Protein chains: 2
Amino acid sequence: MSPARAQTSQAAIVAAARVLLEDGGLDAVSMAGVAERVGIRAPSLYKRFDDRGALLVAVASDVALDLGRVLADEVARAGDDPGRQLEALASGYRSFALATPRAASLLFAGVAPDVTPTPESQAVAARPVLDVAEAIVGPVRALAAARVLTAFAYGFTSMETAGAFRFGGDVEEAYRLGITALRSGLEATA
Amino acid sequence: MSPARAQTSQAAIVAAARVLLEDGGLDAVSMAGVAERVGIRAPSLYKRFDDRGALLVAVASDVALDLGRVLADEVARAGDDPGRQLEALASGYRSFALATPRAASLLFAGVAPDVTPTPESQAVAARPVLDVAEAIVGPVRALAAARVLTAFAYGFTSMETAGAFRFGGDVEEAYRLGITALRSGLEATA
DNA sequence: ACCTGAACACCGTTCAAGT
DNA sequence: ACCTGAACACCGTTCAAGT
């Protein structure tokens with residue numbers, strides 16, 4: 001008679017998946033593990049997500065929205081100088097990526113096939129970068145410059161968190177060198 | 001009596017895994033699939049590799065050695081100007097990454113945990129980049145500059161092959177903008 | 001309308017047995 | 001020394017049955 005009432009929610013499922021992801025990597029995000037964390041059984045997850053891929057897309061999108069908030073905050077607190085806003089975006093993104101590296105790995109390059117944030121959530125994360133890029137290089141080159149900045153920050157932190165910088169040296173200094181070089185190089189083409 | 005003779009080799013197994021990887025992604029590199037391609041059964045693979053992770057490390061290392069050859073060739077054909085050598089490295093890497101995107105995705109950031117080329121093979125791939133970087137910014141900053149260039153090229157092509165550039169625009173032009181900005185920015189700090 | 005146990009096909013891995 | 005079938009634990013997913 002009384003139909004079974006919901007014992008969880010999409011948001012709770014995504015949150016549980018993010019915890020498992022950050023704790024144990026993508027392999028640790030099993031349907032059974034996620035279900036247990038929200039107090040149900042694996043088959044019930046399919047009432048809310050088509051399959052594991054759809055759940056991971058929701059996770060990636062959730063991460064992108066978080067990043068968008070962080071980056072917008074950074075810009076807001078950086079004052080009016082576009083160059084300083086760019087530095088704030090760069091260090092803000094790196095902090096985000098180092099704090100939650102496995103979440104960040106889902107942001108741009110499909111770790112698993114087709115696991116990427118939705119276009120809408122990606123647009124939220126990209127907004128502050130596009131605004132700052134436009135202030136530096138103008139509207140015509142804004143998209144290209146934003147892609148350049150994102151690619152560098154994403155590539156660098158991905159390599160850093162994966163342990164790919166194995167020949168010593170000061171990694172943070174290298175990041176700053178890259179940002180400085182990009183900033184002066186982009187300002188020169190403005 | 002006559003002990004079973006080898007029906008395959010490490011190199012053949014790695015080659016088979018690379019074909020499956022490029023055709024169907026990392027999930028398509030199953031032990032059974034690889035084994036079938038070299039004419040044996042899955043359990044026999046464990047005579048040559050500790051586990052699937054070790055096989056993937058061998059694949060990633062094989063890719064890194066290929067990349068090292070490609071990049072060294074690019075530099076050799078670019079003449080003596082370090083700035084032009086840098087451009088050649090950048091376009092050579094992008095061609096490599098677009099031609100074999102799933103192989104390239106194994107090069108720097110662990111798609112799966114701990115799947116990265118061996119330090120030795122990574123050093124081979126890094127050598128041409130370090131040499132060109134040193135010619136541009138000098139020995140003290142060479143390592144940092146090489147990391148910056150690698151991070152940008154890797155990050156950009158990873159995003160490109162994952163389809164992360166979804167808001168239109170000329171993607172190749174953005175890549176060139178990034179390389180140009182980095183080149184002029186690094187030359188300015190030399 | 002949501003939840004569940006049982007079942008299916010698939011996967012990585014181990015191991016005793018073969019040659 | 002290498003190869004194999006059988007077995008194990010695990011996974012994503014489906015589905016009929018429950019409330």
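The structure presented is a predicted model; accordingly, all values stated were derived computationally and were not measured.
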By nearest atom, which of the nucleotides dC2(D), dC15(C), dT13(D) is closest to the P43(B) side chain? dC15(C)
Rounded to whole Å, CG of L45(A) lies from P of dC15(D) at a distance of 17 Å
From the list dC3(D), dT13(D), dC3(C), which nucleotide is the closest neighbour of the side chain of K47(B)? dC3(D)
Less than 3.5 Å apart, which donor and acceptor atoms pair up between the side chains of residues 132-139 of chain A and the rest of the protein, not counting sequence neighbours?
none

Below 30° counts as parallel, above 60° as perpendicular, anything between as tilted: where do the rings of Y93(B) and F108(B) land? tilted
Spacing between Y46(A) atom OH and dA16(D) atom P, to the nearest angstrom: 17 Å
A42(A), nearest nucleotide to its side chain (from dC3(D), dT13(D), dC3(C)): dT13(D)
Measure the distance from CG on D27(A) to P on dG12(C) and round it to the nearest whole Å. 11 Å
Within this structure, what is the CG-to-C1' distance between D51(B) and dC10(D), rounded to whole angstrom? 16 Å
Mind running side-chain contact (heavy atoms from CB on, under 4.5 Å) on F96(A) and D66(A) for me, showing each step along the way? CA-CA 9 Å; F96(A) 183 89; D66(A) 278 359; 4.2 Å; yes
Output the rounded distance in Å from CG (L26(B)) to P (dC11(C)). 13 Å
Can you measure F49(A) atom CZ to dG12(D) atom C1' for me and round it to whole angstrom units? 16 Å
Closest approach to the side chain of S30(A), judged atom by atom: which nucleotide of dC3(C), dG12(D), dC3(D) is it? dG12(D)
So what does the secondary structure string of DNA chain D come out as, 5' to 3', with Watson-Crick or wobble pairs under 3.5 angstrom, [ ] for crossing and | for pairs with another strand? ||.|||||...|||||.||
By the 4.0 Å heavy-atom rule, please label V29(A) as base, sugar-phosphate, or nothing. sugar-phosphate
For a quick test of reading the model, state the closest non-hydrogen atom pair linking L107(B) to P117(B) and the distance between them. O-CD, 3.1 Å
Show, in sequence, the C-alpha distance, side-chain angles and deciding distance for V14(B) and F49(B), and conclude whether the side-chain contact (heavy atoms from CB on, under 4.5 Å) test is met. CA-CA 10 Å; V14(B) 167; F49(B) 296 96; 4.0 Å; yes
Whole-Å distance separating the CZ atom of R41(B) from the C1' atom of dA17(C): 16 Å
Using OP1 and OP2 only, check whether a side-chain N or O of R48(B) sits under 4.0 Å from dC3(D). yes
Inspect the surroundings of CZ in R84(A) and state if more than 12 heavy atoms from other residues, nucleotides or ligands are less than 6.0 Å away. no
Is the distance from OP1 or OP2 of dT4(D) to the nearest side-chain N or O of S44(B) less than 4.0 Å? yes
Below 4.0 angstrom from OP1 or OP2 of dG12(D), is there any side-chain N or O of R52(A)? yes
Centroid separation under 6.0 Å, is that true for the rings of Y175(A) and F152(A)? yes
Whole angstrom is fine here: how far is it from CD1 in I40(A) over to C1' in dG5(C)? 14 Å
